[in-house]
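A quick note: this is a predicted structure, and the numbers were derived from the prediction, not measured. Labels below follow one simple rule: chain letters A, B, ... track the order of the sequence lines, proteins then strands, and each chain is numbered from 1.
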Amino acid sequence: MINPLRGMKDLTFEESQRFEHIVNMASTIAKRYGYGYIETPILEETALFKRSVGESSDIVGKEMYQFIDKGDNDVCMRPEGTAGVVRAFISAKLDRQPVKQKFFYYGPMFRYEKPQKGRLREFHQFGCESFGEASVYEDFTMITMISQIFDALGIGYELKINSLGCVECMPPYRQNLVSFLSEINNELCEDCNRRIVTNPIRVLDCKNEKCQFHLVTSPKLLNNLCECCDSDFIELNKLLTKAGIKYTIDTNLVRGLDYYNKTAFEFVSNEIGAQSAIAGGGRYDKLVEFLDGKPTPAIGFALGIERIMELVKMPEIKREGYYMGAMVPEAIPALMTLAARKRLTDKVTVEFSSKGFKSHMKGVDKAYPQYAVLIGEDELKNGTLWVKNLETNEERTIAIDEF
RNA sequence: GUGGACGUAGUUCAGUUGGUAGAGCACCAGUUUGUGGCACUGGGUGUCGCGGGUUCGAGCCCCGUCGUCCACCCCA
């Protein structure tokens, strides 16, 4: 027996319905905010992810499904969605038009990780990317939209926000932090010492208590923002408060991908294990030009579909369509004709084997239709159908033509 | 990549100091050619993850391997 690869899952029945429901709900809401569907390739040049996500990140460093294809190209299964959408945006030369563009997407992402709860090798994200809008109102709008999606899905969440600064204020702060960390590096754990070199901001959210003790006096980015970043962050706080969206400022919130700047946010749930981030995103104003486009401010987010699947409250299922069956084999051809016609407008389940009444009714329970339609000896003889409405339990025998 | 737990029926699980596998649910058939969900009766559907070893004998003990789960790391 061949099973799916490690960390990859088949979705059927309730699970696939949940998946569909999430995508439908998120798409519907995103469209209301002006987002249009974009589909981009799953396979991209490896260089795209190295340049956008960043070589220092774990994603690029050790988690990519990367290989050389038959044409000698260095290619990679996308580990996240933003890079591909930005690439598509630039490929279509949309960066040369002064028009704001908003896209949503959903689909599989691949990371070669060790699977655990909420962490798969093939997982699915729904995401949005907004290009050309630098206003902090857009940051606020996006966060509002995500809250709305989670509300519509019946999911509880906590929102964390932070500002990562910009090219003006981040580099000096970073240098500042590195020198602070270097002075106390003897007190810090092994991981943190590694992070001082690879990604010093990450040291700030180390879970080691001893590290946290020594980090109390560390320089904080929020106190070192430039005027623009500072006022935008204050404005974002005001807007969220005014809109009644609960949030906390998490100065240690660092997004894992190199391209983020200014607003960073994360939605977390405490009900799904250690992998608690259910959505994350932020601004990436420099990424478009970094991938050879014209400077274009942008902001985006992605939510992990599998991570929220078990949190979603599903709407009640309703009876739908028809179950059709015959109690004598000779009636089956007539059934097929009726079914074909009904299927132009309704859901129809046809049982091809003729069997007893009771047996058919069991089939009816499984198919959960609104109507059961049966043909037995009498009906066949008289050219009629037996129809039962399973909601009202009303039964009728009608002429075939009336159906 | 590191650490820990666990792999028995479709599923959830039981299985004694080692003696050739069992229960609930699900499923199928029947009671019942004409009223389903309920009830009753019958049916086990299995490479005990895989491979080796110890033993007269392994689901159980040992080694290896694959896989799942959980945590770290990291992230959606």
Just the table, please: protein N/O against nucleotides 26-31 of chain B N/O, every pair under 3.5 Å.
unit_1: rC28(B); atom_1: OP1; unit_2: Lys366(A); atom_2: NZ; d: 3.2

Relative to the 5' end of RNA chain B, which residue comes earlier, Gly304(A) or Met8(A), by the nucleotide with the nearest heavy atom? Met8(A)
Of Tyr368(A) and Ala279(A), whose closest RNA chain B nucleotide lies nearer the 5' terminus? Tyr368(A)
Answer with base, sugar-phosphate or nothing: what part of the nucleic acid does Leu374(A) contact at a heavy-atom distance below 4.0 Å? nothing
Under 4.0 Å, heavy atoms only, any strand: does Glu80(A) hit a base, just the sugar-phosphate, or nothing? nothing
Rounded to whole Å, the CZ-P distance (Phe267(A) to rA76(B)) equals 14 Å
Find the distance Glu351(A):CD to rG36(B):C1' and express it as a whole number of Å. 15 Å
Distance criterion of 3.5 Å, no angle test: do you see the side chain of Arg111(A) paired donor-to-acceptor with the base of rA76(B)? yes
Qualifying residues under side-chain contact (heavy atoms from CB on, under 4.5 Å), relative to [X], sequence neighbours excluded:
{"X": "Leu11(A)", "answer": "Glu15(A), Ser16(A), Phe19(A), Met309(A)"}
{"X": "Ser353(A)", "answer": "Glu351(A), Lys355(A)"}
{"X": "Pro41(A)", "answer": "Glu44(A), Arg87(A)"}

Please list, pair by pair, any protein nitrogen or oxygen found under 3.5 Å from a nitrogen or oxygen in nucleotides 3-11 of chain B.
unit_1: rG3(B); atom_1: O6; unit_2: Lys114(A); atom_2: NZ; d: 3.3

For Glu138(A), is there an ion pair with Lys102(A) - N to carboxylate O distance below 4.0 angstrom? yes
Going by 5.5 Å between centroids and 30° between planes, is there a stack of Trp386(A) over rG34(B)? no
Same-atom distance (P) from rG49(B) to rA21(B), integer angstrom: 15 Å
How far does the C1' atom of rG7(B) sit from the matching atom of rA76(B), given to the nearest Å? 29 Å
Please list every stem that involves RNA chain B, where a stem is a run of 3 or more consecutive Watson-Crick or G-U wobble pairs with both pairing distances under 3.5 Å. B:1-7 with B:66-72, B:10-13 with B:22-25, B:27-31 with B:39-43, B:49-53 with B:61-65
